[in-house]
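Presented below is the structure to which this report refers.
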Amino acid sequence: MNLDAIYRATLEKWGTEGQYDQAVEECAELITVLKHFRRGKADAAAVINELADVTLMVGQLSYMFGEAEVQKAIGVKLEKLDGLLAEQD
Ligand SMILES: [Mg+2]
């Protein structure tokens, strides 16, 4: 499965604004299911289902904003986190 082809097709079909809205909606659904999970009102499968939605939307947004730039930012954050963890040891 070519994810870039899917992201491109999705963008062409629903547009940029539609993708922003969908990403926000999926993040909100993950927030909600995590709150329910903590209270025993949702199971792990429900959380996994919403994680899959958010993961796909992160992929979609990364495709739109530039995957290389996102990877670069992730690298910077991981370096910073590594430094913080080393400080606490
Ligand atoms: Mg969802």
Side-chain angles (χ1 to χ4, degrees):
M1 190 181 303
N2 184 336
L3 281 176
D4 279 2
I6 291 173
Y7 294 146
R8 189 177 331 107
T10 302
L11 192 54
E12 284 170 10
K13 183 162 183 138
W14 288 295
T16 302
E17 297 295 323
Q19 295 312 296
Y20 296 157
D21 289 346
Q22 191 65 33
V24 169
E25 192 174 307
E26 296 300 354
C27 287
E29 288 175 4
L30 179 59
I31 291 165
T32 301
V33 79
L34 278 173
K35 298 291 273 183
H36 289 172
F37 183 75
R38 277 179 50 147
R39 289 184 303 174
K41 295 186 173 200
D43 60 14
V47 175
I48 290 165
N49 190 51
E50 294 307 335
L51 276 173
D53 286 341
V54 169
T55 298
L56 286 171
M57 289 316 301
V58 168
Q60 178 75 52
L61 292 176
S62 296
Y63 171 82
M64 293 163 67
F65 282 90
E67 288 170 25
E69 288 302 306
V70 174
Q71 286 305 314
K72 195 170 140 192
I74 289 170
V76 169
K77 287 173 187 291
L78 285 173
E79 287 279 326
K80 189 173 176 183
L81 181 59
D82 196 40
L84 285 171
L85 290 169
E87 278 176 23
Q88 292 170 358
D89 288 341

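Whatever order the structure lists them in is the order used to number ligands and atoms, beginning at 1. Atom set for the values below is all heavy atoms of this structure, side chains included, hydrogens, waters and symmetry mates excluded.
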Could you go step by step and tell me if Glu87 and Leu84 meet the side chain to side chain contact (heavy atoms under 4.5 Å, CB included) rule?
CA-CA 5 Å; Glu87 278 176 23; Leu84 285 171; 4.1 Å; yes

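- The hydrophobic clustering, which links ILVMFWY residues whose side-chain heavy atoms are closer than 4.5 Å, places Leu3 and Met64 together.
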Between side-chain atoms of residues 24-50 and protein atoms elsewhere (two or more places apart, or another chain), which donor-acceptor pairs fall under 3.5 Å?
unit_1: Glu26; atom_1: OE2; unit_2: Gln22; atom_2: NE2; d: 2.8
unit_1: Thr32; atom_1: OG1; unit_2: Ala28; atom_2: O; d: 2.9
unit_1: Asp43; atom_1: OD1; unit_2: Ala45; atom_2: N; d: 3.4
unit_1: Asp43; atom_1: OD1; unit_2: Ala46; atom_2: N; d: 2.9

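- With waters neither drawn nor counted, the protein N/O/S atoms under 2.8 Å from the Mg ion (ligand 1) amount to 4.
- Linking Ile, Leu, Val, Met, Phe, Trp and Tyr residues whenever their side-chain heavy atoms come within less than 4.5 Å leaves Val54 and Tyr63 in two separate clusters.
- Using a 4.5 Å cut-off between side-chain heavy atoms of Ile, Leu, Val, Met, Phe, Trp and Tyr, with links allowed through other members, Phe65 and Tyr7 fall into the same hydrophobic cluster.
- Using a 4.5 Å cut-off between side-chain heavy atoms of Ile, Leu, Val, Met, Phe, Trp and Tyr, with links allowed through other members, Leu56 and Leu11 fall into the same hydrophobic cluster.
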